Amino acid sequence: MVPIMEKPLELIIEALLFASSKPLSVQEIHRCLPDVPAPDIRAALTGLQTTYDAMERSFCLKEVAEGYQIRTRSAYAPYVLRMLRSSPSRLSRAALETLAIIAYKQPIIRQEIEQFRGVDAGGILRTLLEKDLIRIMGRKTIPGRPLIYGTTKKFLEVFDLKDLESLPKLKELKDFGSGDEAAVHLPEEDGQVERSKENETRSGPEEQGLPFPKDREGPTA
Amino acid sequence: MVPIMEKPLELIIEALLFASSKPLSVQEIHRCLPDVPAPDIRAALTGLQTTYDAMERSFCLKEVAEGYQIRTRSAYAPYVLRMLRSSPSRLSRAALETLAIIAYKQPIIRQEIEQFRGVDAGGILRTLLEKDLIRIMGRKTIPGRPLIYGTTKKFLEVFDLKDLESLPKLKELKDFGSGDEAAVHLPEEDGQVERSKENETRSGPEEQGLPFPKDREGPTA
Amino acid sequence: MDYEVKLEIFEGPLDLLLHLIHKNEVDIFDIPISTITEQYLAYLEMMKALNMSVAGDFLVMASTLVHIKSKMLLPCSDEEGEEEDPRNEITRPLLEYMRIKEVAQEFSEREILGRDVFPRQDVSWYDAEPETEGPSLDISLFQLIDAFRRIIEKSQSGAMMLTFRHERWSIKEKARLILSLLKERKEMLFDEIFSEDREVPEFIVTFLALLELVHIGVVKVFQASCHTSDIRLVANFEVDGTEELGEDLTL
């Protein structure tokens with residue numbers, strides 16, 4: 001159909017639709033295949049639609065407002081929904097940060113957590129408690145007797161950690177090259193390595209003074 | 001086959017696979033379809049594989065990371081990449097080599113990784129952790145309690161591997177020589193390396209030996 | 001005269017050694033140590049001449065090579081009288097490294113997800129609320145570590161300063177105030193105890209005082225089932241004994 005292409009147009013468009021996170025319009029497909037005129041793309045889309053209908057498979061090609069999308073047929077929705085509901089959920093960035101503070105600084109009270117992040121943590125703590133990632137370890141014997149938070153067994157499971165001790169320590173995080181990215185981080189494009197490796201410290205256990213309420217470096221539980 | 005289902009099992013599973021961005025294991029499918037015995041699910045998956053190959057479409061069903069995933073065929077990569085407007089994600093040669101060391105020698109600590117390549121690995125470990133290709137498995141019970149590294153499920157997913165067993169076999173050391181094998185002075189050590197590799201992949205993280213004879217002074221010592 | 005110098009970049013001493021071995025087309029099991037050492041040192045010199053920094057790892061290998069070279073000149077034998085080839089010290093790591101390089105090459109030739117093959121994307125056309133107790137979470141440990149690092153960096157950069165000011169209100173004082181109010185009235189509304197407070201820290205101190213009083217059991221708190229209804233505070237002590245109670249507060 002089109003000389004430069006090695007694969008049939010219908011299948012190329014199928015691959016594009018398959019791998020796309022959103023519906024693709026004819027123009028968007030045309031942008032990927034500039035040598036193919038829009039009418040040909042439209043014809044191929046109709047062709048795919050007919051093919052899928054004839055194949056009687058679980059998916060079909062839907063034309064929605066923004067373009068074309070491969071979707072599962074509605075008859076399969078109950079199964080798909082069951083699968084999607086049981087698929088792993090994600091944590092927001094704020095929740096992840098709060099979880100990180102608790103993991104590294106436990107036992108910790110809400111006020112200390114909020115000092116780290118500078119914002120209210122109430123809602124996030126509830127979410128993390130609900131997801132069974134943190135637990136209430138007790139109350140601190142200071143005015144107000146605030147709740148003390150720590151991580152759960154489920155937390156270890158989620159992060160595939162044997163124990164709390166396996167959490168990398170601050171110093172180890174530094175060794176991963178966080179601060180010195182220019183010297184250590186590899187260029188993604190070619191296989192060349194920066195030569196300035198000696199900048200990276202592989203030195204002894206020097207303590208670094210960090211502005212923490214507590215002078216602990218890692219989990220002690 | 002199963003009375004309660006209104007749709008053929010193959011098509012239901014196809015719908016699940018089509019709606020999932022992650023590989024689905026037989027157990028995960030079974031969780032969505034509790035009335036269907038696992039062998040039936042496995043048979044349906046094989047059936048789908050055969051069907052897709054026969055249909056000669058732009059996608060196929062692959063067994064990766066102990067699960068099943070529908071993927072586009074590699075012939076369509078140039079078009080898909082243009083659609084995603086991304087250059088393919090690349091790993092530097094150094095990162096690939098480090099990943100290979102970890103894949104074959106896991107569980108392994110940073111010092112051992114560095115012995116293999118003769119250079120610092122901090123920045124690369126960070127990159128690999130960031131890309132979720134390696135994970136922290138625990139700490140070794142030796143002075144300094146260093147972190148132990150291993151590969152992730154994502155690693156299997158990215159490199160099209162069913163499981164760790166399906167890693168390509170390592171070449172024998174002696175096969176690298178150019179002929180004169182009588183000159184090899186490493187007979188007893190040779191066996192030791194093979195054996196220690198066996199131990200490493202099967203035993204717990206705590207008790208494996210160093211990949212090198214301890215008395216040898218490595219280039220990085 | 002200008003020369004264009006194109007230097008190959010080596011990832012480490014082993015990488016450079018391997019390059020020299022291939023370039024000289026010599027057997028890895030029979031390395032001509034003096035030739036290789038010479039070339040290795042020459043390369044380091046060239047790097048220095050070009051003002052490239054030479055990593056410590058390269059220098060360690062240089063001394064290892066020189067050491068092997070000197071050992072080769074004085075053949076020594078171990079206890080069993082068998083000659084140990086000094087070159088083994090570099091042969092073995094080189095072989096291991098070659099092996100790794102080879103599988104790394106094999107890795108790069110596989111059908112890599114995101115480069116050669118592509119999966120389906122997360123479906124957007126279903127609005128599936130995840131179950132509250134989802135079986136798992138989709139986060140890696142690295143994300144967690146990274147989140148923590150961000151916080152540390154934020155706090156180090158001074159973007160988040162902790163300030164401590166002189167405490168102008170004490171919980172003990174506020175507790176006494178609440179008790180004296182309750183002594184007069186037996187019962188009051190939650191909002192009323194804050195009526196004199198002017199600043200947020202003062203509110204907090206008053207609240208902490210109330211919590212403490214509730215905790216030790218001298219004040220009881222009631223609220224009708226509706227969340228928006230008033231909270232009532234009721235004295236739970238003999239009106240006469242309040243002075244001592246106030247003193248007993250272990251604050």
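As the structure is a prediction and not an experimental result, all values here were calculated from the model. Protein chains get the first letters and strands the later ones, always in sequence-line order, with residue 1 at the start of each.
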Under 4.5 Å from any heavy atom of chain C, what part of [X] do you find: side chain, backbone, both or neither?
{"X": "B:S20", "result": "backbone"}
{"X": "B:R135", "result": "neither"}
{"X": "B:I134", "result": "neither"}
{"X": "B:I101", "result": "both"}
{"X": "B:Q69", "result": "side chain"}

Q: Return yes if a side-chain donor-acceptor contact under 3.5 Å exists between C:E38 and C:T35, otherwise no.
A: no
Q.
Side chains of B:Y68 and B:Q49 only: does a donor on one sit below 3.5 Å from an acceptor on the other?
A. no
**Q.** Greatest number of heavy atom pairs closer than 4.5 Å to chain C - which of B:L17, B:T98, B:L167, B:L161
**A.** B:L161
Q: Find the distance between OH (B:Y76) and CG (B:L81) and round it off to the nearest 0.5 Å.
A: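 Nearest 0.5 Å value for the OH-CG distance: 15.0 Å.
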Q.
Check whether B:R117 reaches the backbone of C:L14 with its side chain - one donor and one acceptor, N or O, closer than 3.5 Å.
A. no
Q.
If the condition is side chain to side chain donor-acceptor pair (under 3.5 Å), which residues does B:K62 pass it with, not counting sequence neighbours?
A.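 For B:K62 the side chain to side chain donor-acceptor pair (under 3.5 Å) partners, ignoring immediate neighbours, are B:D160.
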Q: For B:F18 and B:F59, run ring-ring contact (aromatic ring centres under 6.0 Å, His included): C-alpha distance rounded to whole Å, both residues' side-chain angles, the deciding distance at 0.1 Å, then the answer.
A: CA-CA 11 Å; B:F18 248 84; B:F59 51 83; 5.6 Å; yes
**Q.** Portion of C:E102 that has a non-hydrogen atom of chain B nearer than 4.5 angstrom
**A.**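 The side chain, not the backbone.
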